[in-house]
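Every value quoted in this text rests on a predicted model; they were computed, and no experiment measured them. By convention in this document, chain letters (A, B, ...) are assigned in the order of the sequence lines, proteins followed by strands, and residues within each chain are numbered from 1.
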Amino acid sequence: MAGRLKATKRMKKIMRRYYTQAKYAHLFGKKVAWITSGGPVEPLIAMNIIPVYPENHGAMIGASKMGGKLSEFAEGMGYSQDVCSYAKGDITSSITKESPIPGGLPKPDLLVCSNNICGTVLKWYEIQARKFNVPLFIYDTPFVHTEFTQEAKEYVDAQTQEYIQFLERVTGKKFNHKRMKKVWRLSLKSMHLWKAVLETAEHKPSPMTAFDAFFHLALIVTLRGKKTVVRYYQLLLKELKERTEQDVGAVENEKYRLLWDNLPIWFRMRWLSEKFAGHQAALVADTYTQAWCGVIDYIDENDYMSSLGEAYTRIHLNVGVDQMAETIKKFIKQYNVDGLVMHSNRSCKPYSFGQYDIQNLLREMDIPVLILEADMTDERKFSESQAETRIDAFMEMIKQKKN
Amino acid sequence: MLTLGVDIGSLTAKGILFDGNQIVEKYLMPVGYNSKKASEKLIKALMEKAGIVDTDIKNIVATGYGRNNVEKADKAVSEIICHGKGVHFLLPHIRTIIDIGGQDSKVIVLDVSGKVSNFVMNDKCAAGTGRFLDVMARAMETEIEDFGPLALQGENPSKISSVCTVFAESEIISLVAKGEKREDITSGIHWSIARRIASMVKRLGMVTPVAMSGGVALNVGVIDTLEQILETKIETSALSQYGGALGAALMAAEL
């Protein structure tokens with residue numbers, strides 16, 4: 001087996017440094033902004049504000065198997081069992097300070113929330129804005145049912161202006177357009193690199209799996225727009241290309257290729273990865289990590305003022321089911337997959353809601369689909385033996401089909 | 001040479017001895033709390049019944065929830081493939097199989113050659129499973145064997161609105177308190193589970209002819225309501241309960 005990617009070490013170092021810098025931001029006279037995973041981060045970086053992602057923290061909470069406990073605490077405060085476990089984990093952690101990061105996330109000076117990923121973030125960020133008594137900016141992206149209209153464009157472009165004014169007000173400084181130009185270009189460059197990284201998995205055998213992508217995703221989420229990200233993905237890409245040149249696969253004797261839909265099940269990454277590898281199956285692609293390079297075509301690298309809005313509005317979770325199905329169809333062909341595994345994620349409604357419809361839309365492709373019920377961080381929503389039975393049956397069916 | 005298929009479900013253990021052409025012997029027993037012990041007991045009992053020894057058996061394949069706890073098994077295979085194979089052997093024309101197991105209910109679509117082309121299983125909830133019927137039969141103080149026939153006597157099926165096994169049970173208690181007829185409540189229970197199963201069938205896209213496999217195939221109430229909802233005949237075989245074990249024995253012959 002190929003073993004761990006060497007770049008992983010470097011990645012861990014970058015993340016550690018990032019969180020340390022965020023923790024001591026105030027000592028360096030820097031402000032900290034909490035921002036949603038799909039939020040426009042580039043203006044923050046241009047203004048020298050450190051972005052911190054409660055959702056990335058949520059993933060860490062999940063991977064550390066703390067999701068159930070933190071959710072339970074929030075439920076004790078009155079939050080419903082059905083509320084997103086990232087939201088519950090963050091709300092709890094900001095009170096109890098329980099976290100895989102010692103002391104939890106650094107206190108925010110401002111909050112930036114975009115509802116392009118879901119509606120929950122609106123209430124979640126309002127709650128935190130009240131708790132920390134800090135200003136909140138909401139970047140409201142209209143849902144793209146079928147097309148991105150001129151009205152929608154004008155609406156979001158106006159918000160880009162307001163967002164910049166908001167940042168000027170909060171920092172007391174003029175917005176640095178010159179720096180923003182550079183940041184915007186670097187952001188686009190890192191998206192292209194991320195895309196190239198993911199596309200190495202087109203190769204048979206695939207040099208990486210979705211489980212690797214889930215891990216290496218952290219940088220494009222948190223720090224896109226920074227040089228570090230560009231350099232890191234160049235390094236990672238080089239290593240992956242070495243693997244493809246030598247036909248080194250991430251899964252030993254890869255025989256079956258699968259596509260994953262939805263967020264990872266953070267607390268069962270290793271179990272799932274071994275389970276699929278045991279069937280000689282590699283999860284070669286996923287719709288989740290692809291979302292961070294899915295809007296490249298809408299970006300004008302020389303004009304952020306009028307393309308930032310469109311890029312952030314047309315992301316995977318903010319488009320209609322037909323378009324989501326088209327994206328999945330594209331990946332099925334591009335990565336030459338034998339089956340689709342859909343994680344029906346109790347926490348993430350916008351991601352899970354259309355899955356049965358998507359399954360129906362895929363019928364013509366004759367591609368087996370497995371729906372796995374779980375949650376991204378709440379281990380109380382996962383049953384191992386049920387998942388195992390379903391995965392085994394699914395893989396046996398694919399084997400029977402292929403052979 | 002003989003092969004053995006063992007199906008260790010969450011409630012019952014089934015075994016089938018197969019000689020390459022036909023079924024030689026079958027055996028069924030409750031699993032109890034220890035599925036490992038149950039599988040040993042099952043294999044021993046089956047060999048005694050057939051008057052054979054260990055060395056007469058070429059291969060053993062295990063399936064069902066306890067499939068990984070059968071020490072003597074040469075291979076463990078999931079129920080989906082086994083039910084597919086078993087039913088295809090018994091009723092070769094069948095294209096859609098419904099199996100309501102103790103913990104899992106599943107719908108399987110076969111291609112013309114009997115290979116599994118797609119399947120769907122219930123979500124994490126127990127509402128559409130055999131366990132639901134068990135709990136409800138107990139709540140109605142009826143033996144599980146009499147439960148289906150009792151449902152057929154109901155003229156005005158009671159409305160069971162809860163999809164949760166636990167809440168449905170308390171709903172039934174209040175229906176009993178209201179004085180609704182036993183057969184009507186029982187009929188309502190059967191409609192409730194049949195609706196859940198039918199939605200799974202529709203989700204997958206039903207291909208006729210349809211058969212039921214597994215123990216619940218013995219329940220005439222479930223068959224009757226499902227036939228009404230799906231508007232198609234549902235076939236069963238005298239060996240329906242052994243569908244999974246038979247498939248396992250057939251798989252063992254191919255090893």
Mind ranking B/Ile80, B/Val116, B/Ile108 by heavy-atom pairs under 4.5 Å with chain A and telling me who comes out on top?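 Ranked by contacts with chain A, first place is B/Val116.
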Taking atom CD of B/Gln228 and atom CD1 of B/Ile223, what is their separation to the nearest 0.5 Å?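 Result: 12.5 Å between the selected atoms.
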Is it the backbone or the side chain of B/Val77 that comes under 4.5 Å from a heavy atom of chain A, or both, or neither?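 Both backbone and side chain.
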Which residue pairs satisfy the ring-ring contact (aromatic ring centres under 6.0 Å, His included) criterion with at least one member in residues 102-125 of chain B, sequence neighbours excluded?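 Residue pairs with at least one partner in residues 102-125 of chain B: there are none.
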Hey, what donor-acceptor pairs show up under 3.5 Å between chain B and chain A?
{"from": "B/Arg67", "atom 1": "NH2", "to": "A/Asp392", "atom 2": "OD2", "distance (Å)": "2.8"}
{"from": "B/Ser78", "atom 1": "N", "to": "A/Glu396", "atom 2": "OE1", "distance (Å)": "3.0"}
{"from": "B/Ser78", "atom 1": "N", "to": "A/Glu396", "atom 2": "OE2", "distance (Å)": "3.1"}
{"from": "B/Ser78", "atom 1": "OG", "to": "A/Glu396", "atom 2": "OE1", "distance (Å)": "2.6"}
{"from": "B/Asp104", "atom 1": "OD1", "to": "A/Arg390", "atom 2": "NH1", "distance (Å)": "3.4"}
{"from": "B/Asp104", "atom 1": "OD1", "to": "A/Arg390", "atom 2": "NH2", "distance (Å)": "2.9"}
{"from": "B/Lys115", "atom 1": "NZ", "to": "A/Gln400", "atom 2": "O", "distance (Å)": "3.2"}
{"from": "B/Lys115", "atom 1": "NZ", "to": "A/Asn403", "atom 2": "O", "distance (Å)": "3.2"}
{"from": "B/Val116", "atom 1": "N", "to": "A/Gln400", "atom 2": "OE1", "distance (Å)": "2.9"}
{"from": "B/Ser117", "atom 1": "O", "to": "A/Lys401", "atom 2": "NZ", "distance (Å)": "3.4"}
{"from": "B/Asn122", "atom 1": "O", "to": "A/Arg390", "atom 2": "NH2", "distance (Å)": "2.8"}
{"from": "B/Asn122", "atom 1": "OD1", "to": "A/Arg390", "atom 2": "NH2", "distance (Å)": "3.2"}
{"from": "B/Lys124", "atom 1": "NZ", "to": "A/Lys381", "atom 2": "O", "distance (Å)": "2.4"}
{"from": "B/Arg203", "atom 1": "O", "to": "A/Arg363", "atom 2": "NH2", "distance (Å)": "2.7"}
{"from": "B/Arg203", "atom 1": "NH1", "to": "A/Tyr356", "atom 2": "OH", "distance (Å)": "3.0"}
{"from": "B/Leu204", "atom 1": "O", "to": "A/Arg363", "atom 2": "NH2", "distance (Å)": "3.4"}

Give, as side chain, backbone, both or neither, the part of A/Phe394 having an atom under 4.5 angstrom from any heavy atom of chain B.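 Looking at A/Phe394, backbone and side chain both touch chain B.
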To the nearest 0.5 Å, how far apart are CD1 in B/Ile100 and CD1 in B/Ile197?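 Going from CD1 on B/Ile100 over to CD1 on B/Ile197, the span is 4.0 Å.
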Which residues satisfy the ring-ring contact (aromatic ring centres under 6.0 Å, His included) test with B/Phe18, sequence neighbours excluded?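 Residues passing ring-ring contact (aromatic ring centres under 6.0 Å, His included) with B/Phe18: B/Phe89.
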Between B/Lys14 (side chain) and B/Thr12 (backbone), is there a donor-acceptor pair under 3.5 Å?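 Here the side-chain-to-backbone pair exists.
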Does some side-chain heavy atom of B/Val216 sit less than 4.5 Å from a side-chain heavy atom of B/Leu133?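 SC-SC contact between B/Leu133 and B/Val216 confirmed.
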Which residues pass the side chain to side chain donor-acceptor pair (under 3.5 Å) test with B/Glu169, not counting sequence neighbours?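 Counting only residues at least two positions away or on another chain, B/Glu169 forms no side chain to side chain donor-acceptor pair (under 3.5 Å).
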